[in-house]
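For the numbers below, each heavy atom of this structure counts, side chains included, while hydrogens, waters and symmetry mates do not.
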Amino acid sequence: MGLAKLGESEWLQPDPDLIGRAEGFAAYPEGIQLSPDGEASGAELTALLGLSGGLPEAARAHHEDMCLLTLRPGEDQYRLVGAAVAWPSDWTPADKLGLPLRALHAPIQGYEEQLASGVDNFMAKLKPGAIYGRCNWFIAATGERRWVAEPPEQAFAHVTPENAGETLFVRSERQTLRRLPQTGAILFTIGIYVAPFGQLSQPNRQRLAAAVASLIEGEGDRRGAGAYAGALIGYANRREETS
């Protein structure tokens with residue numbers, strides 16, 4: 001899972017763009033989805049953050065999108081019971097609400113075979129007060145924070161090794177997990193950060209080029225790597241030669 005333990009001060013971004021958050025939710029009101037199972041944990045979350053209201057108020061007041069997962073009696077998989085997501089990475093909260101973890105992650109190549117048991121075990125053992133985090137990355141053809149992926153051949157048709165620094169965008173999700181002490185729900189936060197590929201340092205461009213080249217075949221297909229990998233690697237190599 002690639003998780004690292006975090007301190008309380010490392011949990012949420014301390015200086016969120018609240019105007020940007022308000023605009024994001026105004027433009028995408030369907031990003032807020034809450035089932036009756038999520039109401040109590042939403043209220044607990046806002047109290048924990050020193051706010052009033054529920055899950056939507058918590059997410060509007062912070063940089064991070066927020067999701068709540070609970071375990072129903074007699075079940076062994078957590079389900080998504082609430083989502084306040086202004087900037088989703090190619091997923092629709094309404095389509096995911098109520099689904100168990102394995103169904104939520106079904107599009108991810110290798111999740112069932114390589115990660116599902118470990119994730120279920122981690123969630124079952126997560127104690128209140130402990131916070132864990134990880135980061136992932138995607139390559140997108142847009143710098144918009146709400147990202148809906150197009151067919152790769154269409155999205156990346158304009159990208160070349162010469163312009164990849166300005167036309168490819170690195171999209172990173174900083175994710176955290178913690179258990180709420182009263183309801184036992186698990187809060188999953190997603191902080192979105194987007195930058196043009198060319199703004200990365202040269203060592204980081206080279207690291208990303210190597211990562212793109214080594215994507216496993218199935219996951220590479222899901223991310224559309226075949227449509228942009230050549231341009232990204234070519235741009236990184238050209239900049240290496242001229243630096």
Side-chain angles (χ1 to χ4, degrees), residues 1-6 10 13 17 20 24 63-65 85-92 104-116 118-119 122 132-177 188-243:
M1 294 174 63
L3 292 168
K5 195 164 187 178
L6 304 176
E10 301 172 295
Q13 180 176 305
D17 173 9
H63 174 80
E64 291 80 6
D65 289 333
V85 182
W87 302 325
S89 296
D90 196 33
W91 67 286
T92 304
L104 284 171
H105 291 98
I108 299 176
Q109 176 73 19
Y111 178 85
E112 181 67 31
E113 299 82 2
Q114 301 170 24
L115 291 173
V119 172
F122 171 83
Y132 288 86
R134 66 182 294 270
C135 292
N136 65 12
W137 59 268
F138 303 90
I139 301 297
T142 175
E144 295 295 323
R145 286 184 287 191
R146 178 164 60 90
W147 176 43
V148 179
E150 300 177 284
E153 295 76 13
Q154 174 183 332
F156 298 105
H158 61 296
V159 180
T160 68
E162 293 74 28
N163 69 18
E166 296 75 43
T167 57
L168 291 180
F169 295 84
V170 182
R171 181 183 182 89
S172 179
E173 295 180 334
R174 182 182 184 271
Q175 305 170 348
T176 74
L177 290 153
F188 177 59
T189 74
I190 313 162
I192 298 297
Y193 301 88
V194 185
F197 181 58
Q199 287 187 6
L200 273 62
S201 67
Q202 181 57 18
N204 282 336
R205 288 196 295 265
Q206 287 293 331
R207 291 188 187 98
L208 196 54
V212 167
S214 64
L215 278 175
I216 59 175
E217 182 177 352
E219 185 67 1
D221 290 345
R222 187 179 76 88
R223 296 190 184 199
Y228 66 76
L232 184 149
I233 294 168
Y235 179 88
N237 290 341
R238 289 162 67 94
R239 294 300 296 265
E240 176 72 16
E241 293 169 359
T242 59
S243 62

Q) Is the count of non-hydrogen atoms from other residues, nucleotides or ligands lying under 6.0 Å from Glu166 atom CD greater than 12? A) yes

Q: Could you tell me the separation between the CD atom of Glu64 and the OG1 atom of Thr176, rounded to the nearest 0.5 Å?
A: 7.0 Å

**Q.** Nearest heavy-atom neighbours spanning Ala213 and Ile233
**A.** CB-CD1, 4.0 Å

Q: Quick one: closest heavy-atom pair of Ala86 and Gly24, and the distance?
A: CB-C, 3.9 Å

Q: Keeping the roles fixed (side chain from Gln175, backbone from Phe188), state whether a donor-acceptor pair exists under 3.5 Å.
A: no

Q) Which heavy atom of Ala141 sits nearest a heavy atom of Ala155, and at what distance? A) CB-O, 3.3 Å

**Q.** Heavy-atom closest pair, residues Ser172 and Cys135
**A.** OG-CB, 4.2 Å

Q: Measure the spacing between CG of Asn136 and CZ of Arg174 and express it to the nearest 0.5 Å.
A: 12.5 Å

Q.
One pair to check against side chain to side chain contact (heavy atoms under 4.5 Å, CB included): Leu208 and Ile139. What are the steps and the verdict?
A. CA-CA 10 Å; Leu208 196 54; Ile139 301 297; 3.8 Å; yes

Q.
In terms of relative ring orientation, are Phe122 and Tyr132 parallel, tilted or perpendicular, with 30° and 60° separating the classes?
A. perpendicular

**Q.** Cationic tip of Arg145 above Trp87 ring, under 6.0 Å, 45° of axis
**A.** yes

Q) Is the closest side-chain donor-acceptor distance between Thr160 and Glu162 under 3.5 Å? A) yes

(Q) How close do Ala164 and Ala231 get, counting heavy atoms only, and between which atoms? (A) CB-O, 3.8 Å

Q.
Is any side-chain heavy atom of Phe156 closer than 4.5 Å to one of Glu150?
A. no

Q.
Can you confirm whether or not the ring centre of Phe197 sits under 6.0 Å from the ring centre of Phe169?
A. no

Q. How many angstroms lie between CG in Leu168 and OG1 in Thr142, if you round to the nearest 0.5 Å?
A. 11.5 Å

Q) Are any of the side-chain heavy atoms of Ile192 and Val194 separated by less than 4.5 Å? A) yes

Q | Reported CG-to-CG distance for the pair Leu177 and Leu6, which is rounded to 0.5 angstrom | A | 9.5 Å

Q) Passes side chain to side chain contact (heavy atoms under 4.5 Å, CB included), Trp91 versus Val85? Steps please. A) CA-CA 10 Å; Trp91 67 286; Val85 182; 3.8 Å; yes

Q) Hey, does Trp137 have a side-chain heavy atom less than 4.5 Å from the side chain of Arg171? A) no

**Q.** Closest contact, heavy atoms only, Val212 versus Ala229
**A.** CG1-CB, 3.5 Å

Q: Give the C-alpha distance, both sets of side-chain angles, the deciding distance and a yes or no for side-chain hydrogen bond (donor to acceptor under 3.5 Å, both in side chains) between Ser89 and Glu173.
A: CA-CA 9 Å; Ser89 296; Glu173 295 180 334; 2.8 Å; yes

Q: Look only at the side chain of Arg146 and the backbone of Pro88, and say whether a donor-acceptor pair between them is shorter than 3.5 Å.
A: no

Q) Looking at OG1 of Thr189 and CD of Gln13, how far apart are the two atoms once the value is rounded to the nearest 0.5 Å? A) 11.0 Å

